[in-house]
Amino acid sequence: MLFKNIGIIDENFDYRQNCWVGTKDDTISYVGESEPADADEYGEVYEGKEKLLIPALYNAHSHAPMTLLRGYAENLPLQAWLEQKCWPFEGKMNGDDNYWATLLSCAEMARYGCVSFSDMYYFSPDRARAVDDAGMKANLCTSPLAFEPKPIQEYPVFAEMEDGIANIDGMGEGRIKFEGCIHAEYTNNDVTAKSVFDWAREHNTRLHVHVSETKSEVEDCRNRHDGKSPVQWLDSLGAFEVPFVAAHCVWVDDDDIALMAKKGVTVAHNPASNMKLASGFAPIAKLLEAGVNVALGTDGMASNNNHDMFQDMYLTAMLPKGHDLDPTAVTPKQAFNAATRAGAIAQGREDCGLLKEGFRADLAVLDVSGPSWCPVNDMLTNVVYAGHGSDVVLTMCDGRVVYRDGAWPTIDIDRVKAEVAARTVRIQSELAEQGA
Ligand SMILES: [Zn+2]
């Protein structure tokens with residue numbers, strides 16, 4: 001495709017008008033202010049008037065199949081939300097439920113300009129199939145809850161981990177990756193956790209863990225582990241010897257932040273989810289100041305309840321100002337970086353997340369003709385503070401259009417919606433029969 005006379009957010013996150021951007025196969029082959037010499041070698045020419053081309057978004061923390069639980073468990077404290085609503089419902093979900101719910105998440109993310117997500121859940125082969133069918137990208141992991149102190153190899157979930165490395169990692173021409181995971185410190189123990197981290201190191205893969213999401217999680221961890229915070233506990237077991245994504249980090253202290261910066265840990269910040277579950281406000285300004293790679297996540301749809309990362313980007317820039325009483329905290333550029341390049345880095349996709357020649361053609365087009373985009377004193381500020389996911393009119397993943405003008409070329413959206421709706425009803429009736 002050749003985008004013609006289009007505004008862009010370039011590799012330095014500067015706004016440039018009337019550019020030409022070409023994509024060949026899965027790569028951005030041209031970015032410039034004039035028509036490329038080989039213009040006739042491109043396929044479709046896309047008219048860029050009143051459009052803005054940006055790098056696509058990367059979701060660094062999700063539980064894609066939880067779209068089945070959207071609106072199901074509301075206004076509850078976190079532990080009751082998990083134990084009384086989420087876990088019983090999830091216990092009824094089968095492989096096909098996971099497939100259809102993941103496809104719905106893919107459709108929603110594509111609609112809002114996101115092409116890739118780091119997804120922690122179960123039924124990895126079914127999720128991988130959905131991501132592959134959607135033509136999108138994901139870093140999948142399965143999240144062992146392990147209360148008995150024995151190596152992961154002795155848990156049934158280990159077979160899924162081995163299968164993930166053997167058969168899922170590299171699927172879809174490398175669009176799909178598989179990595180290691182423990183759900184969290186409070187759902188695990190030293191022996192199992194260490195065996196998972198050793199396994200990740202052996203397979204040279206990445207790790208994705210919920211870390212310091214709530215105040216009580218950190219207090220309980222310190223009581224259980226000789227005063228160690230979850231971050232210190234993870235470090236003591238060698239978790240940070242591979243690239244590591246720490247989801248949440250709401251209750252990290254200065255020592256934790258220094259340690260994460262030193263070890264190159266990525267924080268997946270989930271501002272909507274943290275507010276909805278009343279977990280608190282992550283110290284994003286401090287994390288950024290310390291040099292930590294801060295990416296953005298939507299978390300699961302029981303705690304957000306949408307995959308519109310423009311909302312999370314807005315909150316990322318807005319919340320620290322109100323919370324820290326500092327209007328200079330977290331710039332639009334930092335928030336945009338968190339939603340794009342930082343997420344790509346979190347997923348080990350070094351050639352993604354920037355609109356730059358030679359990078360992957362992961363792109364989103366915004367319609368900037370509406371009143372909220374006028375005037376353009378600073379386009380990036382408009383994107384972060386005035387933009388919405390619904391402004392996205394085209395999303396491209398590795399050069400392939402996955403969403404355009406209300407249609408999903410890779411997904412049968414009516415079928416997906418009908419499947420998800422029917423499956424939610426089935427699970428709820430099964431729970432009702434049990435009196436749950
Ligand atoms: Zn989560």
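Ligands are counted one by one from 1 in listed order, and the atoms in each one are counted from 1 as well.
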Quiz item: Heavy-atom count around Tyr314 OH within 6.0 Å, excluding the residue itself: above 12?
Solution: no
Quiz prompt | His61: its N/O/S atom lying closest to the Zn ion (ligand 1) (atom name) | solution = NE2
Quiz item: Looking at the Zn ion (ligand 1), which N/O/S atom of Asp299 is the nearest one?
Solution: OD1
Exercise. Tell me whether His248 has at least one N, O or S atom under 2.8 Å from the Zn ion (ligand 1).
Key: no
Quiz item: Quick check: does Glu213 have an N/O/S atom under 2.8 Å of the Zn ion (ligand 1)?
Solution: no
Quiz prompt | Donor + acceptor pair across side chains of Thr298, Asn304 (<3.5 Å) | solution = no
Quiz item: Is there side-chain contact between Met161 and His203, with at least one heavy-atom pair below 4.5 Å?
Solution: no
Exercise. May I ask you to test the Pro271-Met318 pair for a side-chain heavy-atom distance under 4.5 Å?
Key: no
Exercise. Begin with the C-alpha distance, continue with both residues' side-chain angles, and end with the deciding distance and a verdict on ring pair (Phe, Tyr, Trp, His ring centres under 6.0 Å) for His61 and His63.
Key: CA-CA 7 Å; His61 181 65; His63 310 281; 4.7 Å; yes
Quiz item: Which angle, to 10 degrees, forms at the Zn ion (ligand 1) with NE2 of His63 on one side and NE2 of His210 on the other?
Solution: 100°
